[in-house]
Amino acid sequence: MFDALFKTFFELSPVVFSQGEFRFAASPGSYLAAAAIAVAAGLTVVAYRQTQGNARTRDRVALAGIRLAILGIILVCMFRPLLVVKAAVPQQNFVGVLLDDSRSMLIADVDGQPRSSYVKNEFGATDRGLLKALSERFTVRTFRFSSAPARTTQDSELTFGGSQSRLGAALSGVRQELAGLPVAGLVMISDGADTADSALGEAILGLKAESLPVFTIGVGRETLSKDIQVGRVVTPKTALKGTTLMVDVVLSQSGYDGQKVTLDVEDEGTLVSTQEITLPDAGTPASIPVRFTVTEAGPRSLRFRVSPQAGELVTENNAREALIDVRDRKEKILYFEGEPRFEYKFIRRAIPEGDNIIVTSLIRTADNKYMRQGVDGPDELVAAFPKTREELFAYRSLIIGSLEAAALTGDQHRMISEFVDRRGGGLLMLGGPRAFAEGGYAGTAVADVLPVVLDRTKLQAKGTVMRLTVKPTRAGAATAVTQLGANDAASAERWNTLPRVTAVNRIDSVKPGATVLLTGTDESRAEKPMLIFQRYGRGKSFAFLPQDSWNWQMDASIPVEDMTHENYWRQLLRWLVDGVPDQVEPALTTERVEPGEAATLTANIVDPSFVELNDATVMATITAPDGTISDAAMSWDGEHAGQYTVSIPTAAPGWYEAKIDATRQGKLVGSAVTHFRAAPGDAEYFDATMHAGTLRRISEETGGRFYDPANTSTLADDLRYTGRGVTTVEEHELWHMPIVLLLLVGLMCAEWGYRRVVGLA
Amino acid sequence: MLSAWRKLALLVVAGVLAIAGLADVLVEARQEGFFGRERRRGPEISYDAKAEYDGRFSFTRVRYSTASELASGRFRREPTWAHDFPRADFNFLKILGELTFVASFVDQGNVLTLDDPDLARFPIAYMSEPGFWTMSEAEAAGLRAYLLKGGFIIFDDFRGNHIQNLFVQMRQVLPDARFQRLDATHPVFHSFFEINALDPRSGYYSDEGDAEWWGIFEDNDTRKRLIAIANNNHDLGELWEYSDTGYVPVDLSNEAYKFGVNYVIYGLTH
């Protein structure tokens with residue numbers, strides 16, 4: 001529209017003006033004319049100085065000015081202003097046309113038509129549309145791209161089935177393929193929804209270095225009028241069977257403000273959680289916490305979905321998949337209790353036989369006298385608390401009950417610190433008369449690990465107890481451990497009715513990086529931290545202040561069937577062992593790869609005291625979806641201690657299982673199993689609006705232009721003036737632009753009118 | 001000058017008075033122990049003694065009504081549930097504190113009924129003379145919930161056919177639960193001290209029958225924890241009470257303490 005108007009007045013399109021240079025082609029006649037005009041100018045000035053009539057000075061100056069302007073324009077025209085521009089010689093240059101061949105082009109948001117229909121109409125054949133216009137002036141090389149560019153010659157090769165859009169790779173690929181040829185520019189037709197991980201920056205730099213401009217045409221709408229999208233879902237990579245997980249699901253929508261929808265979580269087809277939610281305001285993504293329990297072992301593919309609503313343009317983005325490797329194995333926790341008390345009994349009671357968590361406990365009943373429970377055999381913990389790192393690191397987590405610091409040797413203190421820091425285990429210290437600062441832990445290596453600050457001068461007065469009602473904090477309410485009911489409201493209600501507990505440890509402050517999950521309110525309405533968590537090194541530590549949470553089980557107000565106490569402890573202990581590494585710890589860079597792409601498998605190998613091993617023999621046994629088994633040797637990556645990698649090619653889509661066995665000097669170090677998937681991604685459907693910003697950026701940084709599909713009439717001509725390729729110099733005379741004539745006429749009328757108004761003849 | 005007959009009369013009267021006094025003392029002693037009401041013990045020894053819970057263990061004695069009390073309305077000066085109270089309780093707590101790391105109240109008694117909500121604060125309970133034990137509905141419900149949620153009860157001081165009443169009462173509490181005989185291999189006899197043999201003639205009432213140990217298991221499953229333990233023809237309380245006198249042999253009172261400590265340690269760990 002603007003272009004058309006511009007052309008009417010200026011005869012040439014704005015592109016020409018932006019690419020061209022001004023010059024004056026003066027001839028001898030110009031200088032004669034200049035002289036004449038100078039005389040005329042002088043006469044004007046003289047004339048207006050002497051005019052009679054009731055003209056004021058100001059008016060005379062204005063009139064003189066107008067006359068001089070007219071003369072000035074004529075003078076400029078006499079000097080023959082030229083616009084010199086490089087124009088591509090017809091048919092001597094190439095133009096690369098890049099057509100987006102990805103699935104997002106099938107979205108039908110352009111007046112009910114899919115985006116691909118524009119491509120088919122304009123670039124379908126050389127006898128119509130833009131392709132015709134371009135072919136008349138250039139030699140056109142057409143490419144289609146999704147994950148990588150490929151040359152196409154026929155319209156039928158466009159299938160719009162690509163599962164990715166890698167704009168950067170497409171641009172770089174085409175640039176390299178057309179290197180050496182005289183290319184006037186590139187034309188890219190896309191919706192701009194880039195699904196590549198790497199930035200476009202590199203590709204753009206390459207284009208800038210060669211001064212190759214890209215003209216982009218953005219198809220599709222910038223906003224989808226009616227759409228619900230399930231955004232990112234962050235789930236843990238592994239989980240222990242039977243754990244309840246709290247996951248945040250990001251939802252965004254447009255066109256469905258305030259509507260209620262159901263958010264379902266499906267575990268391979270089985271519904272594990274469903275909740276009704278109110279959609280957030282349009283455009284603003286909202287994070288919805290979802291709670292569900294993983295009950296089946298193995299690699300599970302969880303789908304988080306909102307059922308498609310009426311009128312939704314894109315329904316493929318209503319569901320997200322997440323992969324969780326659910327492990328069904330026994331995780332051992334070592335619980336060292338310093339005195340016989342009910343808290344010990346009821347914590348053990350909360351974890352049933354056959355559960356995935358095994359609590360191996362050592363309780364000191366008298367001085368130097370211990371009872372062991374939950375041990376595998378008569379030799380386990382026979383010498384009381386472990387004295388070597390190998391023995392201690394065999395456990396996944398450690399609970400220390402009311403046990404004074406002096407009961408452990410200095411080396412044992414250091415071992416506990418390393419247990420969390422290096423081994424990555426979890427530590428939980430329980431409240432009691434011999435715990436925390438009251439037990440002499442202030443200033444010890446264990447105190448460094450704990451998430452609370454211990455001050456040996458600030459102790460709970462002997463013989464006094466705090467009586468507290470416990471409630472979750474805001475941060476705590478977002479975790480699974482504080483969920484006592486089926487939903488948030490039921491959980492909050494339950495916390496309000498739980499009986500009071502007592503505490504005998506004074507904690508005034510927590511460490512800077514720690515999170516308080518539960519607080520207790522005492523009789524004077526003061527709030528004290530009750531359950532505190534922090535990450536420490538590779539592991540984590542908790543402090544649980546109440547010394548008698550067993551009241552949540554035994555109190556007269558609690559029904560016999562009530563499982564609050566049991567559920568609380570099961571969740572807490574599961575969190576304690578969550579993510580604690582093994583001696584062989586596998587990792588994958590991505591859980592899903594495209595079929596045909598190679599997956600990079602990494603494993604961290606350590607010895608029993610969790611020191612990295614660089615000389616182990618590591619073998620990965622891969623089971624493909626069709627059952628074929630292959631072996632791949634993993635080698636140390638040479639850079640990171642203990643890290644071994646191998647690249648696994650994938651051909652068929654489906655689940656792949658990798659079993660990693662590590663041996664050293666003939667002895668088995670450990671084994672691990674992990675899974676990954678080869679499947680086409682569905683990233684195409686997410687954020688599938690037309691990204692004008694990306695396309696504009698590409699065109700502006702490379703010296704091209706961005707077009708709407710409706711305004712592409714000037715594209716073919718604009719390409720001529722990129723100044724690249726085989727060009728000739730075009731000179732355009734500017735003096736006969738309509739605007740010049742209009743200006744002259746306009747100014748003359750103005751002067752005449754002004755004179756009449758003022759009263760001069 | 002008193003005549004001989006007068007002297008004799010005086011002697012007889014003095015004698016009768018003395019015997020009466022002695023008898024009174026003896027009767028009192030028989031009923032209340034050699035040292036009477038233990039006034040020198042200090043506070044919290046009344047039959048309404050209730051410890052204020054602060055997280056610690058306490059020796060909790062169960063108070064119940066007997067059938068005759070309920071029928072007649074008259075309550076004995078020393079009810080059956082209060083046998084050996086409070087000296088047995090305190091002596092036992094002292095020994096427990098000396099030998100183990102159990103943190104407990106040592107100077108407060110703790111007497112609760114089965115329907116008292118505060119019973120839940122003390123998941124180990126002791127009942128003396130269950131042969132005379134009766135319950136109301138509320139008490140039965142209270143004990144049922146207490147045991148099913150994790151409580152542990154010790155039945156002591158009964159002999160002969162008292163055990164029948166114990167069985168009947170417990171059936172009211174837990175209709176499906178069955179008392180089973182325990183042998184020396186059970187973990188309760190090894191929880192602290194190693195009691196390798198249960199000598200049937202070691203019972204306090206060995207003249208009435210062999211000492212037997214009975215227990216109720218959770219879900220009647222012998223692999224699960226004990227929720228109740230009862231020693232027939234035995235009276236640990238009596239042995240604890242008189243352990244600091246010469247009234248009972250040291251061996252016997254030592255054994256009694258061993259059982260008591262084992263019961264408590266078992267109840268705190270299982």
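Residue numbers begin at 1 in each chain, while the letters A, B, ... track the order of the sequences.
- With chain A as partner, the option from Pro123(B), Ser104(B), Ser191(B), Pro187(B) having the largest number of non-hydrogen pairs under 4.5 angstrom is Pro123(B).
- Taking the centre and axis of the six-membered ring of Phe192(B), the NZ or CZ atom of Lys369(A) falls inside the cone set by 45° and 6.0 Å.
- Only the side chain of Thr502(A) comes within contact range of chain B, judged by heavy atoms closer than 4.5 Å.
- Both the backbone and the side chain of Gln553(A) come within contact range of chain B, judged by heavy atoms closer than 4.5 Å.
- Using a 4.5 Å cut-off between heavy atoms, Val465(A) contacts chain B through its side chain alone, with no backbone atom that close.
- Chain B forms the most heavy-atom pairs under 4.5 Å with one residue out of Asp562(A), Val560(A), Val501(A), and that residue is Val560(A).
- For a residue to count as touching a neighbouring chain, one of its non-hydrogen atoms must lie under 4.5 Å from one of that chain's; by this rule Arg349(A) touches chain B with the side chain only.
- Looking at Asp555(A), both its backbone and its side chain come within 4.5 Å of chain B, counting heavy atoms on both sides.
- With a 4.5 Å cut-off on side-chain heavy atoms, Phe155(B) and Met170(B) count as touching.
- When each of Gln373(A), Gln547(A), Glu353(A) is checked for heavy-atom pairs under 4.5 Å with chain B, Gln373(A) comes out on top.
- Using a 30° and 60° split on the angle between ring planes, Phe189(B) and Phe259(B) fall in the perpendicular class, above 60°.
- Figure legend: cation-pi geometry between Arg61(B) and Tyr126(B) absent, as NZ or CZ is not positioned both under 6.0 Å from the six-membered ring centre and within 45° of its axis.
- The part of Pro559(A) that comes within reach of chain B is its backbone (N, CA, C, O), which places non-hydrogen atoms under 4.5 angstrom from that chain.
- Note: Thr100(B) leads Asp116(B), Thr100(B), Leu119(B) in heavy-atom pairs under 4.5 Å with chain A.
- Using a 4.5 Å cut-off between heavy atoms, Leu99(B) touches chain A through its backbone atoms (N, CA, C, O) alone.
- Per-residue heavy-atom pair counts under 4.5 Å with chain B were compared for Pro499(A), Ala366(A), Ala556(A), Ser402(A), and the maximum is reached by Ala366(A).
- Atom CZ of Arg456(A) sits in a sparse spot, with 12 or fewer heavy atoms from other residues, nucleotides or ligands closer than 6.0 Å.
- Note: Gly267(B) leads Gly267(B), Ala103(B), Ala145(B) in heavy-atom pairs under 4.5 Å with chain A.
- Taking the ring axis of Phe152(B) as reference, the NZ or CZ atom of Arg225(B) does not stay both within 45° of it and closer than 6.0 Å to the ring centre.
- Taking the six-membered ring for Trp and thresholds of 30 and 60 degrees, His234(B) and Trp213(B) have ring planes more than 60 degrees apart, a perpendicular arrangement.
- Using cut-offs of 30° and 60° on the angle between ring planes, the pair Trp569(A) and Phe544(A) is perpendicular.
- With a 6.0 Å cutoff to the six-membered ring centre and a 45° limit on the axis angle, Arg364(A) does not count as a cation-pi contact of Tyr370(A).
- Annotation for Glu98(B): atom CD does not count as buried by contact number, only 12 or fewer foreign heavy atoms lying within 6.0 Å.
- Within the 4.5 angstrom heavy-atom criterion, atoms from both the backbone and the side chain of Asp367(A) approach chain B.
- The choice from Asp118(B), Ile124(B), Val264(B) that makes the most heavy-atom pairs within less than 4.5 Å of chain A is Ile124(B).
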